[in-house]
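In what follows, a structure is listed as structure tokens, so that the remarks can point back to it.
Only this structure's heavy atoms are used, side chains among them; waters, hydrogens and symmetry mates stay out. Chain letters run A, B, ... following the sequence lines, proteins first, then strands; residues in each count from 1.
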Amino acid sequence: DMKVTQMPRYLIKRMGENVLLECGQDMSHETMYWYRQDPGLGLQLIYISYDVDSNSEGDIPKGYRVSRKKREHFSLILDSAKTNQTSVYFCASSLSGQGATEVFFGKGTRLTVV
Amino acid sequence: GDSVTQTEGQVALSEEDFLTIHCNYSASGYPALFWYVQYPGEGPQFLFRASRDKEKGSSRGFEATYNKEATSFHLQKASVQESDSAVYYCALSALNYAQGLTFGLGTRVSVFP
């Protein structure tokens, strides 16, 4: 079954705490992504990973870092979370990062920073 | 940078109505164009794509034609059903390098019986 799995689905953290969002895919896809979705702003790319230990900043990387040590896993880390990082975070993957490739999304993690 | 503009933020329709969502793009190169659909509690799901001028993409009764001259990729469906209620996103991606998808802000479609 082709899917992208995100854990946890819901998370509440206090300001200043560290946050780890985890993502896995079972399709052996090379490329993985982290997006955040906010009302009025749509989906914005945080980071893109082309393969293990090959990551690149997206449009809004500030305040985030990522880790990809295995092709099937891609983690998003917030060091010292801020209230403006409250959002829904989507992990995604695709066979390659180029052009017309279909991108598969997980169900999202709703993060609330209080 | 690249951008996607969806004209309609919300659309309300009755079943069997005709749906049009307007999508225009701005890109430095020659992008691939996509439509994604998102249901409540889910991530966006691929609907279809087109990667060259005048190519038509289609799926589940939805269709759109790549128009390079007009920089458009408008979504249409002839007869909507209540199950088509969702948020629809137009998106683009560069054809020859990996940059991820650039999304429009989305259009919420509500279909009433």
Side-chain angles (χ1 to χ4, degrees), chain A residues 2-7 9-10 21 23-25 27 29-51 54-61 66 74 87-110, chain B residues 1-10 21 23 25 27-53 55-57 59 64 66 73 86-108:
Chain A
M2 301 189 299
K3 60 182 177 183
V4 177
T5 304
Q6 293 186 237
M7 295 293 290
R9 293 293 314 279
Y10 300 91
L21 304 184
C23 173
Q25 49 97 0
M27 298 168 277
H29 283 171
E30 280 185 355
T31 308
M32 296 188 74
Y33 315 80
W34 278 104
Y35 285 86
R36 64 177 281 178
Q37 184 176 45
D38 301 285
L41 295 177
L43 287 140
Q44 298 173 276
L45 180 65
I46 305 171
Y47 268 93
I48 181 171
S49 173
Y50 303 107
D51 211 328
S54 178
N55 307 316
S56 182
E57 295 180 345
D59 298 321
I60 52 163
V66 292
F74 191 33
S87 185
V88 181
Y89 290 87
F90 287 100
C91 177
S93 73
S94 61
L95 189 60
S96 79
Q98 289 189 336
T101 307
E102 179 180 347
V103 178
F104 294 79
F105 284 81
K107 292 181 182 292
T109 294
R110 183 175 293 275
Chain B
D2 297 347
S3 66
V4 176
T5 301
Q6 291 179 236
T7 309
E8 297 86 358
Q10 296 187 75
I21 301 175
C23 171
Y25 69 90
S28 54
Y30 197 151
L33 302 175
F34 301 79
W35 279 100
Y36 278 77
V37 57
Q38 186 176 23
Y39 300 99
E42 302 281 330
Q45 299 173 16
F46 173 83
L47 196 53
F48 58 82
R49 74 187 141 224
S51 54
R52 58 184 182 275
D53 191 23
E55 180 181 359
K56 179 190 284 189
S59 176
Y66 195 135
F73 193 54
V87 179
Y88 293 82
Y89 289 95
C90 184
L92 67 79
S93 180
L95 269 176
N96 56 1
Y97 61 93
Q99 65 171 29
L101 290 164
T102 298
F103 287 90
L105 293 184
T107 299
R108 182 175 299 277

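- Among B:Gly9, B:Pro44, B:Gly41, B:Gly43, the residue with the largest count of heavy-atom pairs under 4.5 Å with chain A is B:Pro44.
- Within a 6.0 Å radius of CZ in B:Arg108, other residues, nucleotides and ligands contribute 12 heavy atoms or fewer.
- Annotation: the span from B:Phe34 atom CZ to A:Thr101 atom OG1 amounts to 7.0 Å, rounded to 0.5 Å.
- For B:Gln38, the part lying near chain A is the side chain, with the backbone staying farther off; criterion is any non-hydrogen pair under 4.5 Å.
- By the side chain to side chain donor-acceptor pair (under 3.5 Å) test, A:Thr109 pairs with no residue at all, sequence neighbours left out.
- Of the two parts of A:Gln37, only the side chain, counted from C-beta on, holds a non-hydrogen atom closer than 4.5 Å to a non-hydrogen atom of chain B.
- Proximity to chain B involves both the backbone and the side chain of A:Leu43, based on heavy atoms less than 4.5 angstrom apart.
- Tested against A:Tyr35, the residues B:Phe103, B:Tyr36, B:Tyr89 include a single ring-ring contact (aromatic ring centres under 6.0 Å, His included) partner, B:Phe103.
- B:Leu101 has its side chain out of reach of A:Tyr33: every pair of non-hydrogen atoms, C-beta onward, lies at least 4.5 Å apart.
- When heavy atoms are compared at a cutoff of 4.5 Å, A:Arg110 does not approach chain B at all.
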